[in-house]
There are 2 protein chains.
Amino acid sequence: MSQGDAGIDLNTSLGYLLKEASSALRVAMEEVLRPLGMGVTHYACLELLAQRPGLSNSELARGAFVTRQTMNVLLQNLEREGYVTRPAEAPVGKALPARLTPSGRRSLDQATAAVRSVEVRMLSGMTEAERSAAFHALKSMILSLASPPTPPPPPADRG
Amino acid sequence: MSQGDAGIDLNTSLGYLLKEASSALRVAMEEVLRPLGMGVTHYACLELLAQRPGLSNSELARGAFVTRQTMNVLLQNLEREGYVTRPAEAPVGKALPARLTPSGRRSLDQATAAVRSVEVRMLSGMTEAERSAAFHALKSMILSLASPPTPPPPPADRG
DNA sequence: CAACCTATGTCAGAATCCTGACATGAGTCA
DNA sequence: TGACTCATGTCAGGATTCTGACATAGGTTG
């Protein structure tokens with residue numbers, strides 16, 4: 001244990017820090033959403049629908065970082081409780097465009113206020129320059145992590 | 001819907017970006033750890049034990065961002081499979097200091113190599129200045145989100 | 001010392017999310 | 001037109017994590 005090959009130093013690892021920050025944010029959000037009987041995925045779904053009405057189940061799932069199966073059961077609950085509506089038949093393909101009902105909009109408004117307070121607190125200790133730097137750094141990370149999990153197989157010109 | 005009170009703009013929200021980056025990192029790690037039959041929490045536990053031998057179940061749980069109960073079942077499995085050891089009795093209090101066995105160390109070495117490739121990829125598109133900026137920004141966020149969930153009740157000097 | 005508070009390990013049950021699988025609708029290509 | 005590929009919605013089962021609860025060890029305060 002005296003060299004640089006012993007592991008990944010968690011004290012200086014951006015990945016670990018990323019997980020820590022994300023965990024703290026999730027905990028803080030759950031804390032303010034709990035009194036509203038809402039979870040993070042639940043809130044994300046509503047917020048996505050407010051900003052982009054007509055999103056399909058699969059699109060909502062991608063936006064909330066869960067699988068379409070998970071989002072599907074959530075949507076079924078929200079539909080049954082009258083927070084969102086979906087047409088009985090797909091206007092095109094199989095995708096059912098979902099929309100917020102007035103009730104869903106009201107529910108979202110409460111949640112947005114709660115979540116906004118968390119985001120304000122999170123940003124409170126940062127300068128504008130730091131926020132901008134963090135924004136671009138996170139964008140870079142996401143881009144670098146996207147797609148190339150399996151390096152493209154060799155063109156295989158042999159044989 | 002024409003002003004700034006309509007919601008939280010997910011396109012410019014640092015919180016949303018944080019979740020997106022964290023999700024991408026988690027997916028990438030799971031992808032490289034799957035061939036080793038290991039999950040992210042599993043790996044985190046081993047890495048923590050390598051860097052700080054003797055950590056207790058609760059300390060490991062906090063370091064891996066899960067509950068004590070979750071870490072407990074993981075530790076029991078790892079112990080049964082011979083990757084970690086814990087004394088039968090606590091040297092002090094109730095905390096049982098856990099340690100990696102040689103087998104656990106070997107298992108960790110493979111995982112570290114895999115995870116390192118992911119972190120390298122994540123950092124590949126960032127300059128050193130950007131990494132430093134991201135590091136400090138994340139630290140700020142974590143600090144701001146820590147603790148003050150329930151603002152301290154007013155000292156109540158009335159009455 | 002006794003009462004209290006906090007932290008820990010552990011068990012049991014429940015909630016959450018995911019993987020696997022199937023059928024349908026649309027686009028592509030020959 | 002028919003075969004192929006891809007994306008979608010949905011159901012069923014399983015894996016993972018969390019919440020609730022209990023007993024114990026140690027420190028603190030009166």
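Naming convention: chains lettered A, B, ... in sequence-line order (proteins, then strands); numbering from 1 in each chain.
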Rounded to whole Å, please give me the gap between [atom1] in [X] and [atom2] in [N].
X       : N      : atom1 : atom2 : result
A/Leu60 : D/dA7  : CG    : P     : 18 Å
A/Asn77 : D/dT10 : CG    : C1'   : 14 Å
A/Asn72 : C/dT19 : CG    : C1'   : 15 Å
A/Glu30 : D/dT19 : CD    : P     : 7 Å

Quiz item: With sugar-phosphate meaning primed atoms plus P, OP1 and OP2, does A/Arg34 contact a base, only sugar-phosphate, or nothing at under 4.0 Å between heavy atoms?
Solution: nothing
Practice problem: May I ask you to say what B/Thr70 touches in the nucleic acid, namely base, sugar-phosphate or nothing, with a heavy-atom cut-off under 4.0 Å? | Solution: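 If one applies the 4.0 Å heavy-atom cut-off, B/Thr70 turns out to touch a base.
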Kindly say if [X] contacts the phosphate of [N], meaning a side-chain N or O under 4.0 Å from OP1 or OP2.
X       : N      : result
B/Arg68 : D/dG20 : no
B/Ser58 : C/dG9  : yes
A/Thr67 : C/dC18 : yes

Side-chain donor/acceptor of [X] to backbone N/O of [Y], under 3.5 Å:
X        : Y        : result
A/Arg99  : A/Val84  : no
A/Glu47  : A/Thr112 : no
B/Gln110 : B/Ser107 : no
A/Gln51  : B/Ile8   : yes

Output the single nucleotide from [options] whose closest atom is nearest the side chain of [X].
X       : options                : answer
B/Ala95 : C/dC17, D/dC18, C/dG9  : C/dG9
B/Lys94 : D/dT24, C/dT10, D/dG9  : D/dT24
A/Asn57 : D/dT17, C/dG9, D/dT10  : D/dT10
A/Gln76 : C/dT8, C/dC11, D/dC11  : D/dC11
B/Val92 : C/dT10, C/dA21, D/dG26 : D/dG26

Self-check item: Upstream residue (5' side of DNA chain D) when B/Gly93 and B/Arg26 are each assigned their closest nucleotide
Solution: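 Closer to the 5' end of DNA chain D: B/Arg26.
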Quiz prompt | Any donor-acceptor N/O pair under 3.5 Å between D/dG13 base and A/Gln69 side chain | solution = no
Self-check item: Side-chain donor-acceptor pair present, B/Glu119, A/Ser13, cut-off under 3.5 Å
Solution: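 Indeed, the side chains of B/Glu119 and A/Ser13 share at least one donor-acceptor pair under 3.5 Å.
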